[in-house]
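The block underneath contains the structure these notes are about, expressed in structure tokens.
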Amino acid sequence: MEDKKEDKKEQPVWLKAALQNDSTAWDTLVSENERFVYHIAYRMMQNEEEAKDISQEIFLKVYRNLSKFDEKSAFSTWLYRIAVNTCIDALRKKKGKQTISLEEQFQSDTQIQDTKESPEYQYLQKEKSMYIMQTIEKLSPEHRAILLLRDMEDMSYGEIAECLSVSLGTVKSRIARAREQFKKEFLNKKELFIKKKRQTSVKGNKGGDNV
Amino acid sequence: MKCENREEKISLYIDRQLDWQEQKEFLKHIKQCPECKQALQQAQQLRQMLLDMPQEEVPEGLHENIMKAIQKEMQKEAQKTSKKASNKTIIKRKKVWHQYGVLAASFLILAAGVSLYKKNNSINMDNTAMQLSGDILVGEGAILADMDELGEVGEVGEVEEIEEQNNEPFQQQPNITQSRTVKNPETSKALPQTPYIASSEPETQKTEGAETTQSEGAEEAIQGEQNDQNSEQKQETQKVLTQSASETKNDIESDIADDLQDNGEIKSEHQKSTNNMRAVPSNMKSKSLQITLKANNADKILKNIEKRVKALGGEVETADAQNSITVKVPLSEYNNVSNWIEQQGEVIDKQEFTEDLAKQYKEIQKQQYDASEKEKEAEQKQQPRKAQEARKIQKECQNALDELKKTAEFATITAIFSE
């Protein structure tokens, strides 16, 4: 018994109550984690609607499988694992299906947003984000996931290994390959974009090719 | 260091994953190689860029939607547990039957579940109930299949496959096919929705037919819910079925001939045989109650129920779902306990079911009798395997009868509290 306890990691206070289906505990669980779940979902799926659906799906999976959580890893790692795997599965299923292009999304986003930053700065920031997102879209679900965990969530190699259930060696080589792929796609994209910019006006309400 | 594996080295360097020696070499190389230096700078910039990506705002309403979905799931689960509890005795019996392939009887029992299930529906859900439970099944199947990929255990995911495989032995085993076709219409007769009314009703063919199809649909729904419990035993069933199918392969042709004959006679034979059998014990009824109460201190009441039930020699079956409890109490204490529970809050809904086990009991007795006849016949014809098979069935029938007797001694009460 005691050995087992030692294996277990310290867990959030609400975990026990959540296992008893306590609504308040679930409210806390969701509140504390929805941000990063949505974050992962959005960056993996690259689209708000899907990200919302996937976030809900992820929490339902958590609900249905919480009793199987062996507490040997941190709750957050377990949750990350479910989140990432759910997204990878969804991406595999989605493969080939057409969705709203990021560029369209980007255009509508830029029109709505209004903050104290100067419009030019905002535009550039948005443009950069779109670039990055479009580049990520080119990566395989696995590369997408590992880049997200390492370079966006800044998780350690050990955490990533646990979260993706792979060895440290795999994490090392996969991160390197994902970054290499990302760089290649990013540079391609940049070139294309510069060419396109020369052809169309910078004002560019309809700068993108509508997929 | 050479420029090969450049990206990997750079990646590891950025993340401080190189050991001291490797790092020293790497830095030395960078100083001399402009290409690698540029690549390193690019890599660092890209990482920084990714880290700097602004966090998206969580869309409005997401939290509420997630909570709604979870609560819906909690409700489904609570309903499922209460239903499972009231069907538990049935499942238990089913197990025994499944293991030995006497599917006729299991079909019967399932249909008994249907009548219970139908009633449960009227309390818990509206007409879409069956569709709903279908959804639950599909949802869970998918989830568990997904979880399987995650490296988690997914038992339910296997069920479908096993069921499909099961179809084969169904067709190969003449015994079963025969029993199914014969017993099907009997089922609805044996298990009326309200035993008292139905027994006084004339047995019209039309209603029987209608009930049978209905019960088949519901059977699927129930099976769906019981899948996770049954998956293991189904596997076993399959084993047994396949085994016996191959064992009796040689006898199959003669079996089919026998069965065809039986098939025509079985109805009248049934009437004869039931007369020949021992009497059914009195009070072969299983009682269950589902009660929904409005109360503020549900937790306390749940604990009190548990205490009281244990003191009376009963047991708690399930208390895992929020605000609901299912208990078994000796039949003699049923009124006492149910009255007491009613006083604990404002009764919103109360449904009492009485399942008449006598007919099931008779059916099983008949199976037992048939098996003993088969045994005699097989011994006369010097077919030891068939005789052994028949003896096995008889023994299992006896176990099932004992189970039924036990079931009749306890009543099941499910209490659900809403605030």
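Chain letters run A, B, ... following the sequence lines, proteins first and then strands; every chain starts at 1.
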By a 4.5 Å heavy-atom criterion (distance strictly below it), what part of [X] contacts chain B: side chain, backbone, both, or neither?
| X | value |
| --- | --- |
| A:Arg150 | both |
| A:Leu148 | neither |
| A:Ile132 | side chain |
| A:Leu29 | neither |
| A:Ser31 | both |

request  = Answer yes or no: does atom NZ of A:Lys183 have more than 12 heavy-atom neighbours from other residues, nucleotides or ligands under 6.0 Å?
outcome  =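 Yes.
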message = For chain A, which candidate among B:Ile14, B:Val58, B:Ile10 shows the most heavy-atom pairs at distances under 4.5 Å?
response =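 Result: the option with the highest number of such pairs is B:Val58.
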ask   = For A:Asp151 and A:Arg179, what are the C-alpha separation, side-chain angles and deciding distance, and is it a salt bridge (Lys or Arg N to Asp or Glu O under 4.0 Å)?
value = CA-CA 9 Å; A:Asp151 284 342; A:Arg179 280 175 173 162; 2.8 Å; yes
key: Criterion side chain to side chain contact (heavy atoms under 4.5 Å, CB included) on A:Asn65 and A:Lys68, from CA distance to verdict   = CA-CA 5 Å; A:Asn65 294 287; A:Lys68 288 186 202 150; 3.1 Å; yes
Atom group of B:Asp52 that falls short of 4.5 Å from chain A, counting heavy atoms =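 It is neither, since no heavy atom gets under 4.5 Å.
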inquiry  = Which label fits A:Tyr80 and A:Phe36: parallel for a plane angle under 30°, tilted from 30 to 60°, or perpendicular past 60°?
reply    = parallel
request  = Look only at the side chain of B:Glu73 and the backbone of A:Arg64, and say whether a donor-acceptor pair between them is shorter than 3.5 Å.
outcome  =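 Checking the backbone N and O of A:Arg64 against the side chain of B:Glu73, no donor-acceptor pair under 3.5 Å is found.
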